[in-house]
Amino acid sequence: MLENRSVRALVARRKLVHGLLILFCTFVALVAFYPFFVMVISSTHDNFNIVSKINVLPGRHLAENYERLTRNMNILVGIKNSIVLSVAVTVIETYFTVMTAYAFAKFKFRGRNFLFGVILVFMMLPGQLGIIGFYKEIQALDMMNSYFPLIVPSIANCFAVFFYKQYMDTSLPTELIEAAIMDGCREIQIFHNIVIPLVKPAMVTQAVLTFIGTWNSYLNPLILLNEKEKFTLTLMIATVRDATNAEYGAQYLGMVISVIPTVIIYCFGSKTIMEKITVGAAVKG
Amino acid sequence: MKKLLALICCLALVLAMFAGCAGDTSTDTNTNDTTSDATNDTTSDATNDTTDDTTDDTTEEVNPEDLTGTLTYWTYTDTAYQLTEQFAEKYPNITVDVQVFGGDEYKTKILTALQSGTDVPDMFDLEEGYVYEFLDSDVIADLSYIDIENLTANYYDYQKASMKDSNGNYKCLTFMSNPVCFWYLRDACEQWLGTSDPDEISAMITSWDDMFALQEEVYEASNGEVAVFGTISEMPKVSAFSFDPLVQNGELVISDDWIGLIDDMRTFYNSGYDPEYGSWSGEWATAWNTGKLLFRAMPSWDYFTDWDVNTGNVGLAAPFLSSFEGQTCLCVYNESENKDLAGVFLSYIASDEFQIANMEVNNQVPASRSAIEAMADGYSAEKYGGQNILATFSDVLENVEAITPDKYTRSVQNLFQNTASNGIKEGKDNDTIIAEFKSALADQYPEVVIN
Amino acid sequence: MWRSKRARYAYLYILPFFLVFLIFKLYPIIYTFVLSLCDMDLLSGKLSFVGWSNYTRLLNSEYFFRSIGNTLLIWIMSIIPQLTLAFLLALLMSNKWLRGRAIFRNVYFFPNLVTSVTVGLLFGTLFSYPGGAINNVITAFGLEAVDFQNNQMLARMVIAIAICWKNFGFNIIYFTAGINSISNEVLEAASIDGAGWWQKVTKITIPLMKPILIYVMVTSIIGGLQMFDESKLVFQSVPGDATTTMIKYMYDSAFVRFQFGYGAACAYVVFVIIMFFSAISMWITRDRDKVRPLGGKRGRK
């Protein structure tokens, strides 16, 4: 009897704690969601309403903003270009950086520590000033106005290599690879059939971020692309506004259109990111 | 075998040449019916060849339809399409290929292109904020080749001055003015000042002292509800262009006018009537649109008016000192193969014909005095309660000092404005503010001589 | 496993990375270094050698040193709440009883999808004086409205809040990836042994996800010390340039005043500073004892 009551009290206390925690999570979620909401609402307002107050109710300028946004450009072309570029960068970067990280995590070779140190150090260089040299180089190589210099350099993403290497340190069991070697697997098979499936959650994590980053990137495409037929959506949206001509409403509408694909990608990706790994069982079994 | 191959190659080449010519004529007929959509897509090299022949005699009277060719034009705002649409109506066979690169980093883009000398457009826009960093260079064409002095003979003096580089050569073309006016709401001014007539209002305020007196009067009458002027940081916007530039020939010269401006700003701040709105802030815009603030100093491209509510209720008064903000400057690339054709484009943009159309379609105030005068006669703007705003603009523009800015003019002015505003708010005296200003300037531009 | 015969595969694996790295990453960085020893003629792009004068100018600039101080202050104010919040929420969301986890984890990432222009405009409006949303709340409690923009420390705090708000969701993802890489068996075994929630977190979760924690920490330092967008966009002018960060100072020198050589020197000094702080963080988190607790990466039982 006594025991029963104390168990019940324990359950009640736990429920209370859980309730409070859910309340906390909801509060943070609201704070996180609010500006997103404002962005959507702002796309239906005119300049004055956007700069002067924070709007909660939709305005009446959506059609006008849409007309302004699409007056001089074909958004569909922009979306297509953005997709092509982002997918290409994501696939190529993910594949080669996982490969590099795998070598650093599971092989011992001469120069390993030095080369990994180089990667760490290059992560710390501020990106902004390498760009002048980068553009000069691209011009010298005659690669302007193509997607090549936007896609290929992403292979050398030091952050991604560092992340995968850290992840493999915890969750890629060396035993599995050793067993595969025993079974006579070829190197590249081990990489494709064992390593990649096991680091999938990390890959999706990084890939989603890469996709979003590429989708939103502005400076590199702006400087490297010369024709509007090749422009990404982000570049197209930027054309709506300048210092003397603030078309905030149209700009916000553009941002909303631009953010939708990234939201979809993220929501799909986050499922895989949250997957619990079951490596342990696989190794022992 | 080899000979046969060579023969085939030659044949193919000749055929290709014919095909090129044929393609040339076909694009010409195309552009006759459609205007910008089709023309933007064509990038033909063949047309460039014909350009050189035709443009040799552009100085004589030529039928606009006889000119053919393609021009590349880079800019940072898509209002440029409206320029080229109007141009296409008059010169249907010249294709202007507009590429818009929006955002803050357009200047980096144009800079890297100019440095490399490849993929450079024939013409490009530069913004007032950085154009004077660029103008002295040889890669930007001296516009005397299109007789620019004649073309812009009717321009306002300050416009002419602003198109020159530091050696006095015309290096860029402006085509719109951005006069700063006092914006007010007619009903609010009627209520508190007893008039909504722009001239009477201008006559009422002839100095900052008048403004402060009015501020006090209205503040007391409205029990602190209504302010006349919103913030000290807006004061340099009105005054600064009437003063001698702070940096002249690479040397810092702080004239008494500038010290006087700090004193005026402090007087206002300490008067107890300064509502301390942030310049261009939400509160500032809302207060003005609801009649809680009577004046704000804004260029003609203002975007803080709530037109849903205040259409027909807005008035513009000429301030006691004249200034402008936000020029677009059109330049020609010196190495361009289409320099002559670009000249045709610039000549058209400089014409009253274009600038009048530009005002009618895009609300961009002409840079040419004669264009404004031609329109101002009997002009009435409905959104502004039927006011002849062009006459008001003309009053302002006529009085802007004709100085040729350099790369320091605007940025040093901004530095002064920030240092002064912040210093006054922190209760610093003039010497401290000037000392701070000098040290910040020395850090930003170490080459400037400071005494 | 580690025999040298296999090592040649490692070179093949890292070959594409380092090939691209040499061509597209190393060259620009070397160019930047050369640039930092020169002055650049703006439109011709010609370089004239000036020796170390850009560096001496930089090291004599009190404004640059002030920007270092600003960066560190804003960084500390943003990094601590940001990582704490992200870690707690990541832990919470690894619990099965939490309903709507999918929605929460998606929404938490939304601030990262909003462009920095929006963030700047929005925080400027939220914290504006005297009628911004935050000040409306403050005055509703009968307190006096606060002029955030004109108070150095408060202005920095607003920037820190903006950064924290923008990035906590980003860190949740990495933390989640780390937490989920820990196999269930280890946690279950601990539960059977009678370990409480707190014990499980401190004795198992944190030690086991240490590599990921190091990653998040190092990248937070690197990203945090390079903060720029918020500094540029939230407030137009703050007294004493209190919100000017190192990268903002560099950006203004190079891309506003077009002093590319000076900007390049600035970038290199910023690089050294970042390296210094990253090295400290790596040294603190280094493996002191090589023995890993409770079934480390080898996962043997």
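So that the names make sense, note that chain A is the first sequence line, chain B the second, and so on, each numbered from 1. None of these values were measured; they are calculated from a predicted model.
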How close do [X] and [Y] get, heavy atom to heavy atom, and via which atoms?
| X | Y | value |
| --- | --- | --- |
| A:Ala156 | C:Val20 | CB-CG1, 3.9 Å |
| C:Tyr215 | A:Gln206 | OH-OE1, 4.2 Å |
| A:Met124 | C:Ser278 | CE-CB, 3.4 Å |
| C:Ala177 | A:Tyr167 | O-CE1, 3.6 Å |
| C:Val107 | A:Ala29 | CG1-O, 3.3 Å |

Which bit of [X] is near chain A, if near means a heavy-atom gap under 4.5 Å: side chain, backbone, both or neither?
| X | answer |
| --- | --- |
| C:Phe123 | neither |
| C:Phe170 | side chain |
| C:Ala267 | both |
| C:Met246 | neither |
| C:Ile23 | both |
| C:Phe228 | side chain |
| C:Val218 | side chain |
| C:Leu89 | side chain |
| C:Tyr31 | side chain |
| C:Ile14 | both |
| C:Phe168 | side chain |

Under 4.5 Å from any heavy atom of chain C, what part of [X] do you find: side chain, backbone, both or neither?
| X | answer |
| --- | --- |
| A:Val152 | both |
| A:Lys136 | side chain |
| A:Tyr34 | side chain |
| A:Val28 | both |
| A:Thr26 | both |
| A:Val204 | neither |
| A:Arg110 | both |
| A:Met99 | both |
| A:Phe122 | side chain |
| A:Ile212 | side chain |

Quick one: do C:Ile173 and A:Leu209 satisfy side-chain contact (heavy atoms from CB on, under 4.5 Å)? Show the steps, please.
-> CA-CA 10 Å; C:Ile173 310 192; A:Leu209 297 179; 4.1 Å; yes
Do you know which of [options] has the most heavy-atom pairs under 4.5 Å to chain C?
| options | result |
| --- | --- |
| A:Tyr135, A:Trp215, A:Phe33 | A:Phe33 |
| A:Ile119, A:Ile138, A:Leu141, A:Val208 | A:Ile119 |
| A:Gly111, A:Ala32, A:Gly133, A:Ala103 | A:Ala32 |
| A:Leu115, A:Ile188, A:Ile131 | A:Leu115 |

To the nearest 0.5 Å, what is the distance between [atom1] ([X]) and [atom2] ([Y])?
| X | Y | atom1 | atom2 | answer |
| --- | --- | --- | --- | --- |
| A:Leu125 | C:Gln226 | CG | CD | 8.5 Å |
| C:Leu35 | A:Ile132 | CG | CD1 | 7.5 Å |
| A:Thr100 | C:Leu15 | OG1 | CG | 9.5 Å |
| C:Ile221 | A:Met123 | CD1 | CE | 10.0 Å |
| C:Arg8 | A:Phe109 | CZ | CZ | 14.5 Å |

Indicate yes or no: at least one non-hydrogen side-chain atom of [X] is less than 4.5 angstrom from one of [Y].
| X | Y | answer |
| --- | --- | --- |
| C:Phe110 | A:Val263 | yes |
| A:Pro201 | C:Asn180 | no |
| C:Phe109 | A:Cys267 | no |
| C:Phe271 | A:Val121 | yes |
| C:Met282 | A:Leu120 | yes |
| A:Ile155 | C:Phe21 | no |

Evaluate the criterion side-chain contact (heavy atoms from CB on, under 4.5 Å) for residue pair A:Glu187 and C:Leu12; output intermediate values, then yes/no.
-> CA-CA 11 Å; A:Glu187 257 316 316; C:Leu12 280 178; over 6 Å; no
Answer with yes or no after comparing the ring centroid distance for [X] and [Y] against a 6.0 Å cut-off, counting only values under it.
| X | Y | result |
| --- | --- | --- |
| A:Phe104 | C:Tyr13 | no |
| C:Tyr11 | A:Phe107 | no |
| A:Phe163 | C:Tyr174 | yes |
| C:Phe17 | A:Phe96 | no |

Has the side chain of [X] got a donor or acceptor atom that lies under 3.5 Å from a matching backbone atom of [Y]?
| X | Y | result |
| --- | --- | --- |
| A:Lys108 | C:Ala7 | no |
| A:Gln166 | C:Ile212 | no |
| C:Tyr108 | A:Cys25 | yes |

Would you mind telling me which of C:Phe33, C:Phe18, C:Tyr268 has the largest number of heavy-atom pairs within less than 4.5 Å of chain A?
-> C:Phe18
How about C:Ile103: does its CD1 atom have over 12 heavy atoms from other parts shown lying under 6.0 Å from it?
-> no
